[in-house]
Amino acid sequence: MDLSYTRTEEAFRAEAREWLRDHVPAEPPPSLETAEGFAAHRAWEAELAAARWSVVSWPEEYGGRGVDLARWLVFEEEYWAAGAPGRVSQNGVQLLAPTLFDHGTAEQRARILPPMATGETIWAQAWSEPEAGSDLASLTSRAVRTDGGWLLSGLKTWSSRAAFADRAFGIFRSDPEADRPHRGLTYLMFDLRARGVTVRPIGRLDGKPAFAELFLDEVFVPDEDVIGEPGQGWRIAMSTTGNERGLMLRSPGRFLAAADRLVRLWRSEGDPGDPALRERVADAVIGARAYQLFTAGAAARLAAGAPSGAESSLNKVFWSEYDLALHETALDLLGPEGELADGAWAEGYVFSLAGPLYAGTNEIQRDIIAERLLGLPKGRR
Amino acid sequence: MTFLPTGEQLAFARSLDAMLAAADTPAAVRAWAGDDPDPGRALWGRLAEAGVCALAVPEEYEGMGPLPVELAHAFVALGRHAVPGPVVETVAAAVLLGELARLGDRGPAKRLLPALATGERTATLALAGAEDVRGGTEDVRERALPYALDADRADTVLVVRGERLWRAPGHGPVRASADPARRLARPASGGELLAEGPAVAVAAERARRWAMLATAAQSLGVGLALLDRTVAYARQRSQFGTPIGAFQAVKHRLADTLLALEFARPLLFGAAVGLADGHAPDGDLAAAKVTTGEAAYTAARTALQIHGAIGYTEELALSLWLRKARPLRDAWGDPATCRAAVLRACS
């Protein structure tokens, strides 16, 4: 067992740190859940991409640096420690891109990945429907065969970033006669400005249009925008959701930086005589370190060729509950100031409130942990 | 960076596990809690043969160490099988003597260390910092000294008071612990002065760190054993015509227990790697200690709840682990002390 960084990793860290020090904006851009902030974040993605820092783990031909997981983790530590902006391309980079690497064609990768890397095309996910959240297999939006492609109809909702994004990806029922609900689904990409698409922004809990409803009325999608074989959408989507819950979505670097900010807040605002708050601050520090080391182990297992399996459910429950606890502690440290909606911690708090809900609710994840990792019987909900 | 156990480490852990599984440790634990320390001593002898005691001892004193990562693996196995006796304390005593030798005072190591490395003898120890022993009456100073585990049964009782290392001549009354396999007594004052000077305090601090690590590992093992037994029970115990493990409320509680243990494990091994590298990972050790302790205690609460009334008896072997979880959580650094240390270590 070894936790020391190689010379290559240290050199990479130094290079990233230096670039970030020179380029991270001194004033954070507005919230990426607003039109103004979205544009500013898109410009930041372009700046990152120009220096090839936007997708470091991708192959060079698509705009990346081809670095391994260990160096990706190093980059993430430096990125968040530098106070750099949130990633507006996250849905595409973390969810669609891994799917294309695993199931897409060479043509799709060449066409879709480079503009994703620069922020020129920003992707929204279109998974959930009003009656299909964690129970994704019950979705009813249809893909009907037509000349040279498919026609999409139905309603998608809670589509993150769709209010300002360019394109979306999701799964659709292409064979209503299939014998099981998770069969007969097809994975497709579509343009949010295509004929037949109506985007209705939805204000999240703080009123910012962080997601949207997508009304689809015979939206044409050419065959070239089907990922994998028609009817295989469920299997392909599941490989993506594992990624969503797993280590790529929430890098430890993000939480290490947040815990660090929390300790500084505690030292400036905290009442040293309040042991309950002191303990919660300590737990935030411990949790970030636990997550970092857990991820180091997971990365080593992946590098050694082990598949990422139900462990991603452990990961998801941990980071989502950790994130919320950390932000609640910050608000408690701020006291009455914590109520202010434009405070530095407010945005993170609202975002963290959703963690236990999305990417498969934590209740569903606990079922997966119990059944697949502990071998408990399937059964009554 | 490859934060994974090596093949040798896994094989070592598995062989200890197999050996302990075959050794009827519950009987040894019950005997240790009663009048008969012999099965426990025999168990310790076999663990020593497997090399467990040698892991904290430098080669020149018949050890193979210091190997904190291997030690952590070993103590997870000891916790899984609820091995009784001053096992953590023997390791910590060995670290104390080894470190003292490294700092120049080789006398006590020469005399005592080889027998600890081979498992021929066991030791226990009580460490009191300088602030604990300053001022007050003799009576107050005595009470400031921590309990030593199994002082009545260990071959050697070591006591550090500030910058002095004593070999205690005996011990006070044996007090019952919440875990009957843990026997607590204060070492008697006086005895032979083995060493004195600043090196004693440095060596004691190092011993304390290894004791924290070994206790954390033991806690993780205790938690894993509690979870394993409870999952097995939840699969076979039926209520309302269904195995209780099919109920979501039961599943989620067990899932939370696994979560707590699986996120404590990397903290434990991260701290062990830090010790091996010779860093002073105060924050990491404290984080490992508090997190493994809390995770094992969570596992104990879950195990008791899911076993129901049958779990609330001392007849079921489960009680051996149930009663261990809480005292281990508080031994060698209680949660509040550890959390304070974590914050102190933040830059």
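So that the names make sense, note that chain A is the first sequence line, chain B the second, and so on, each numbered from 1.
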Original post:
Looking at A:E321, A:R267, A:Q292, A:E9, which makes the most heavy-atom pairs under 4.5 Å with chain B?
Top reply: A:R267
Subject >> side chain to side chain contact (heavy atoms under 4.5 Å, CB included) between B:T2 and A:M1, intermediate numbers included >> reply: CA-CA 6 Å; B:T2 44; A:M1 298 193 102; over 6 Å; no
Subject >> Under 4.5 Å from any heavy atom of chain B - which part of A:E363 >> reply: both
**OP:** Enter the distance from B:C346:SG to A:R264:CZ here, rounded to the nearest 0.5 Å.
**Re:** 11.0 Å
**OP:** Determine the option with the most heavy-atom pairs under 4.5 angstrom with chain A, choosing from B:T6, B:D284, B:T291, B:D277.
**Re:** B:D284
Original post:
Side chain, backbone, both or neither: which part of A:A70 has a heavy atom under 4.5 Å from chain B?
Top reply: neither
**OP:** Classify the side-chain pair A:D367/B:H252 by whether it contains a donor and acceptor separated by less than 3.5 Å.
**Re:** yes
**OP:** For the pair B:K251 (side chain) and A:P377 (backbone), establish whether a donor and an acceptor sit closer than 3.5 Å, ignoring hydrogens and angles.
**Re:** yes
Original post:
If you count heavy-atom pairs under 4.5 Å between each of B:A336, B:P243, B:G245, B:A286 and chain A, which one has the most?
Top reply: B:G245
Subject >> Region of A:V281 in contact with chain B, defined by heavy-atom distances below 4.5 Å >> reply: both
Subject >> Nearest-0.5 Å distance that lies between atom CG in A:L374 and atom CZ in B:R235 >> reply: 9.5 Å
Subject >> Qualifying salt bridge (Lys or Arg N to Asp or Glu O under 4.0 Å) pairs, either residue in residues 292-305 of chain B, two or more places apart >> reply: B:E294-B:R329, B:E294-B:R339
Original post:
For the candidates A:A290, A:A370, A:G287, which exhibits the highest count of non-hydrogen atom pairs separated by less than 4.5 Å from chain B?
Top reply: A:A290
**OP:** Sort B:V231 into side chain, backbone, both or neither according to what part of it lies under 4.5 angstrom from a heavy atom of chain A.
**Re:** both
Original post:
If you tally heavy-atom pairs under 4.5 Å against chain A, which of B:L259, B:V342, B:V250 wins?
Top reply: B:L259
**OP:** Could you tell me which of A:V285, A:V263, A:T6, A:L314 has the largest number of non-hydrogen atom pairs under 4.5 Å with chain B?
**Re:** A:L314
Original post:
Checking B:V290 against chain A: side chain, backbone, both or neither under 4.5 Å from a heavy atom?
Top reply: side chain
Original post:
Is there side-chain contact between A:D2 and B:F3, with heavy atoms separated by less than 4.5 Å?
Top reply: no
Run the side-chain donor-acceptor check on residues 260-276 of chain B: report pairs under 3.5 Å with partners two or more places apart or on a different chain.
unit_1 : atom_1 : unit_2 : atom_2 : d
B:E262 : OE1    : B:R265 : NE     : 3.2
B:E262 : OE2    : B:R265 : NH2    : 3.0

Subject >> CG-CG distance between B:L254 and A:L373, expressed to the nearest 0.5 angstrom >> reply: 12.5 Å
Original post:
Counting heavy atoms not belonging to A:E10, are there more than 12 under 6.0 Å from its CD?
Top reply: yes
